[in-house]
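Below, chains carry the letters A, B, ... as their sequence lines are ordered, and counting in each starts from 1. Values below: all heavy atoms of this structure, side chains included; hydrogens, waters and symmetry mates excluded. Note that the coordinates shown come from a computational prediction; the quantities given were computed from them, not determined experimentally.
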Amino acid sequence: MLDPKLLRSDLTGVATALERRGFVLDVAAFAAWEEQRKAVQIESDRLRAERNANAKAVGHSKAKGQDAGALLVVGESLAEQLQGVEKRLEAIQAEVSNLQLGLPNVLHSSVPEGRDEAANVEVRRCGVPRQFEFLPKDHVALGERLGMDFEAAGRISGARFAVLTGNMARLHRALAQFMLNLHVADHGYREAYVPYLVHGTALQGTGQLPKFESDLFAVRGDPGFYLIPTAEVPLTNLVRDQILAPEGLPLKFVAHSPCFRSEAGAAGKDTRGMIRQHQFDKVELVHIVRPEDSYLALEELTGHAEKVLRDLELPYRVLALCAGDTGFSAAKTYDLEVWLPSQQRYREISSCSNCESFQARRLQARWRNPATGKPELVHTLNGSGVAVGRALVAVLENYQQEDGSVAIPSVLSPYMGGLTRMAST
RNA sequence: GGAGAGGUGGCCGAGUGGUCGAAGGCGCUCGCCUGGAAAGUGAGUAACAUCCUAAAAGGUGUUCGUGGGUUCGAAUCCCACCCUCUCCGCCA
């Protein structure tokens, strides 16, 4: 959510800033609602103050044993007036809040201009794609003999699911373990185990609700839950409604979790293989930082995700997402893309964002700034460190041998009981 | 799932219809005392919204788990829900 004070004081400035994303803010409608809100709230505050004073007078009068009959009549009429005004105020505030929750974050000045992914800017490239002596297979073809089973998954759950067995399942687990250990041991993260079912409030805090409900799986029951689309949701919500001590910052959390996405808008996209699934695993990184540190933290966090790919010796590149391609809650985002030989191109494997105070405001996540002594909003960042399913795909494809076996990256070997090559399940 | 107890400020805890944003304590901040510290002692110490303002100051409102209700007036009475604890049942 954007700062409501900013929306009042510089609405056209905000509208101009959001235009960069291609987002159109209806300035006139917004201003009209705001004007109404102000008028009705002033009236409501006035009536309440009057009612409070009157009620107090009744108390004093009764204490002295005087007749308070006249005051009671006044009070009755005030209560009646208040009821109507409060109802109107409530309706207006709901409308204003709805409008506010629909506004995306304002972009950082360093975000490149552009409408869509074609305008994303490559920041750097690491590693050189391997030259194959043979025609490289894709992970589906490779996985067929090595324990990746889409047919079985289809029987159980339908499209966009995978079953892994044997060494393939183990390699998947090895990747997650390796990433967790790296971030905990070398990058100073605190490991967290978090709920995979969350309520709507948590999702509103991180920005998925109310606007993107169709991307989520809702679970029936009372109370209803949503399946998390990323561990960013529970991890960032760890600081909801908290006032953090300055010496406790930054907080750095890492969690391995499954992620669940309806992929409602992705019909026909990446239908083959494990690239786009309803359920996939991810190791997620979250930083809670002082506002002045957040852009340094974004570089740091992105570097931590990159280290995973470097240790796995996978070629990748880093993109600065352009204005039109940056997500709703983010002020700035770097995507990491890993090389996939079968597609002869780089594919997203991590997304690292600085949300500044956008999520913190929705979460009421604050810290006590020693400079002012006041609670102020923190900045939140999140990034994949990295997507496990896609990392598995990248390892299979980049480490494949001509005979259809797959070499195990040396950093994963210890997690595979010393195995260096996967030839069968 | 059944029975019971409870949810009050950064923390503990008093408060059963009016003068309660809330006693007392702890913690914290500033001062006094001290060579310095501890002890002692004095003062201060919630958040949010909104109005006015360049800002500060200030005004008003809201907040005692959450939402509704009763009342001129609710931390206090009524209803629903959520959460925590104890016991029982079931279970990994």
Considering only side-chain heavy atoms of [X], which listed nucleotide, [options], is closest?
X        : options                : value
A:Ala49  : B:rU60, B:rA47, B:rU62 : B:rU60
A:Pro375 : B:rC48, B:rU62, B:rU19 : B:rC48
A:Lys5   : B:rA49, B:rG61, B:rC51 : B:rA49
A:Val58  : B:rG61, B:rU19, B:rC72 : B:rC72
A:Arg366 : B:rC72, B:rA47, B:rC51 : B:rA47
A:Glu76  : B:rC72, B:rC51, B:rA47 : B:rC72

When A:Asp293, A:Leu244, A:Ile243, A:Val289 are each screened for side-chain contact (heavy atoms from CB on, under 4.5 Å) with A:Val378, the one that passes is A:Leu244
At 4.0 Å (heavy atoms only), tell me whether [X] reaches a base, stays on the sugar-phosphate, or touches nothing.
X       : answer
A:Gly75 : sugar-phosphate
A:Leu72 : base
A:Arg51 : sugar-phosphate
A:Lys62 : base

Between B:rA14 and B:rC52, how many Å separate the two C1' atoms, rounded to a whole number? 39 Å
Considering only the C1' atoms, how many Å lie between B:rU84 and B:rG65, rounded to the nearest integer?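 Going atom to atom, C1' in each nucleotide, I get 10 Å.
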Exactly one of A:Tyr334, A:Phe358, A:Tyr295 clears ring pair (Phe, Tyr, Trp, His ring centres under 6.0 Å) with A:His108, and that residue is A:Tyr295
Which sits closer to the 5' end of RNA chain B, A:Arg368 or A:Ala55, going by the nucleotide each is nearest to?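 Looking at the nearest nucleotide for each, A:Ala55 comes out on the 5' side.
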If you find the nucleotide of RNA chain B closest to A:Ile243 and the one closest to A:Leu71, which residue's nucleotide is nearer the 5' end?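 On the 5' side of the pair lies A:Ile243.
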Got a sec: does the CD of A:Glu292 have more than 12 other heavy atoms crowding it under 6.0 Å? yes
Anything under 30° is parallel, anything over 60° is perpendicular, the rest tilted; go ahead and classify A:Tyr189 against A:His287.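 Tilted.
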Is it true that A:Arg272 and A:Asp138 have a side-chain N and a carboxylate O under 4.0 angstrom from each other?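 Answer for the salt bridge query: yes.
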N/O (side chain, A:Lys38) to phosphate O (OP1/OP2, B:rC52) under 4.0 Å: yes
